[in-house]
Amino acid sequence: MRSADELTGGSRTAAGVRLDGVSLTYRPRSRWSRAAPVEALRGITGGFGAGEFVAVVGPSGCGKSTLLRLVAGFAAPTAGRIEVGGAPVTGPGPDRGVVFQQPRLFPWLNVRRNVEFGLRTAGVPGPERRARAAGLLELVGLGDVAERRPYELSGGMQQRAAIARALAPGPAILLMDEPFAALDALTRERLQEELRRLWQATGTTVLFVTHSVDEAVYLGTRLIVMSRRPGRVLLDQRSALPHAPDPHTHPDFPAVRESVALAVRRAAADDDTDDVKEAR
Ligand SMILES: Nc1ncnc2c1ncn2[C@@H]1O[C@H](COP(=O)(O)OP(=O)(O)OP(=O)(O)O)[C@@H](O)[C@H]1O
């Protein structure tokens, strides 16, 4: 099988991420607003290496998405510094592909053109663009629906297309914000399996935010549990389970799951707000 790195032109190698004292406080945009500032993240320091699959779990509102948005460059930290591949993050860039909970495909473009979009804006010539898109669509199992519009696809197929679109420019890191949360349980399981295969094939770094402890333990070689707001790192654990042929049936799965679930329960129990979501 050709690797996805070949398919994406192998334009980049995976990159690590470094965070130094990263804090973010949301402040009201208008000076007339009476809304109080929200301290979302406080002094996050740490990092992860190239090729790691980093799964971040924690109670609702603890700042998981904020962390991902900062690495994506959609927002700037109030304090601290973030580096991707040794270079400071100053805004969004083609070295970071982002997949959201909703696929956010362009409805006026067919699936192939959606996947080609980033390559077109980067000036990749037509034949190479089409070859890369075709290869990636094959890899995510959408080879035969390339000419269809997004509305003709199921939710799972749309999310596969969104993943192919994010991978097309050959990002050094893939940032995924609860990408499977809106899917039914069966589709979600299949996509988790496919994502693990893609990660193994591409060797790309992944930063993956989820509410599901099972999903995190199935996918993450690095398991991060965040405290309630302001988010800090409560647990940072390495795991080899995603390299196993079938992580779910691996004898270590229950113990790793339990240690992560325990940290999530602790974080949630510490939370007196209503919006704590149950660890699943
Ligand atoms: N643009 C914003 N302005 C003000 N407050 C914000 C903004 N975005 C997020 N927040 C607040 O910052 C905190 C962290 O939000 P964030 O979305 O990062 O949490 P999360 O852990 O991803 O939550 P969830 O699991 O529910 O998606 C929350 O209290 C949220 O209400």
Side-chain angles (χ1 to χ4, degrees), residues 17 19 21-46 48 53-80 82 84 89 91-92 96-104 155 159 162 166 173-183 188 192 206-220 222-237 260-280:
V17 174
L19 300 131
V22 172
S23 303
L24 184 117
T25 298
Y26 290 105
R27 298 190 186 282
R29 279 170 194 251
S30 154
R31 63 191 173 112
W32 309 113
S33 168
R34 293 191 181 181
V38 176
E39 188 184 12
L41 297 174
R42 184 187 293 173
I44 305 238
T45 293
F48 40 91
F53 195 118
V54 185
V56 183
V57 243
S60 184
C62 73
K64 302 181 293 295
S65 299
T66 299
L67 183 68
L68 190 131
R69 291 177 40 159
L70 289 175
V71 178
F74 296 152
T78 328
I82 303 174
V84 172
V89 170
R96 283 150 290 149
V98 186
V99 178
F100 302 94
Q101 186 173 331
Q102 300 301 332
R104 300 193 189 181
Q159 201 54 301
I173 176 166
L174 194 57
L175 306 168
M176 309 184 84
D177 196 354
E178 298 192 53
F180 307 145
L183 303 173
R188 184 171 186 159
Q192 286 168 0
V206 182
L207 180 59
F208 185 97
V209 165
T210 178
H211 275 110
S212 163
V213 171
D214 261 331
E215 187 166 81
V217 174
Y218 180 78
L219 290 167
R222 199 69 184 270
L223 300 161
I224 309 271
V225 177
M226 286 176 63
S227 71
R228 70 179 186 126
R229 187 167 64 78
R232 286 144 294 142
V233 175
L234 273 189
L235 178 85
D236 180 354
Q237 184 173 313
V260 175
L262 186 69
V264 172
R265 279 200 295 274
R266 284 211 178 112
D270 198 27
D271 197 322
D272 53 8
T273 60
D274 295 337
D275 58 0
V276 176
K277 291 182 186 164
E278 276 291 301
R280 289 190 286 267

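Fair warning: this is a prediction, and the values are worked out from it, not measured in the lab. All ligand and atom numbering here is 1-based and tracks the order in the structure. Numbers here simply count residues along the sequence, with the first being 1.
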Show the atoms of ligand 1 that are less than 4.0 angstrom away from any heavy atom in [X].
{"X": "Gly61", "result": "13 (C), 14 (C), 19 (O), 20 (P), 21 (O), 23 (O), 24 (P), 25 (O), 26 (O), 28 (C), 29 (O)"}
{"X": "Gly63", "result": "14 (C), 16 (P), 18 (O), 19 (O), 20 (P), 21 (O)"}
{"X": "Thr66", "result": "14 (C), 15 (O), 16 (P), 18 (O)"}

Q | Selection residues 55-78 - residue pairs positive for salt bridge (charged side-chain N to carboxylate O under 4.0 Å, His left out), sequence neighbours left out | A | none
Q | Pick from Arg229, Lys64, Glu178: the one approaching atom 27 (O) of ligand 1 most closely through a non-hydrogen atom | A | Glu178
Q: Starting at CG of Leu262, measure out to CG of Leu234 and round the result to the nearest 0.5 Å.
A: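 That separation rounds to 10.5 Å.
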(Q) Could you measure the distance from the CD atom of Gln159 to the CZ atom of Arg104? Nearest 0.5 Å is fine. (A) 10.5 Å
Would you be so kind as to tabulate the donor-acceptor pairs closer than 3.5 Å made by side chains of residues 36-43, with sequence neighbours excluded?
residue: Glu39; atom: OE1; partner: Arg42; partner atom: NH2; Å: 2.9
residue: Glu39; atom: OE2; partner: Arg42; partner atom: NE; Å: 2.8

Q: Quick one: sort the Phe74 and Phe100 rings into parallel, tilted or perpendicular, breaks at 30° and 60°.
A: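 Phe74 vs Phe100 ring planes: parallel.
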Q: Run the contact test for His211 against ligand 1 with a 4.0 Å cut-off on heavy atoms, strictly below, and give the result.
A: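 The answer is yes, since His211 has a heavy atom less than 4.0 Å from ligand 1.
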Q. Is Val38 close to ligand 1, meaning an N/O of one under 3.5 Å from an N/O of the other?
A.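 No - when backbone and side-chain N and O of Val38 are compared with those of ligand 1, no distance drops under 3.5 Å.
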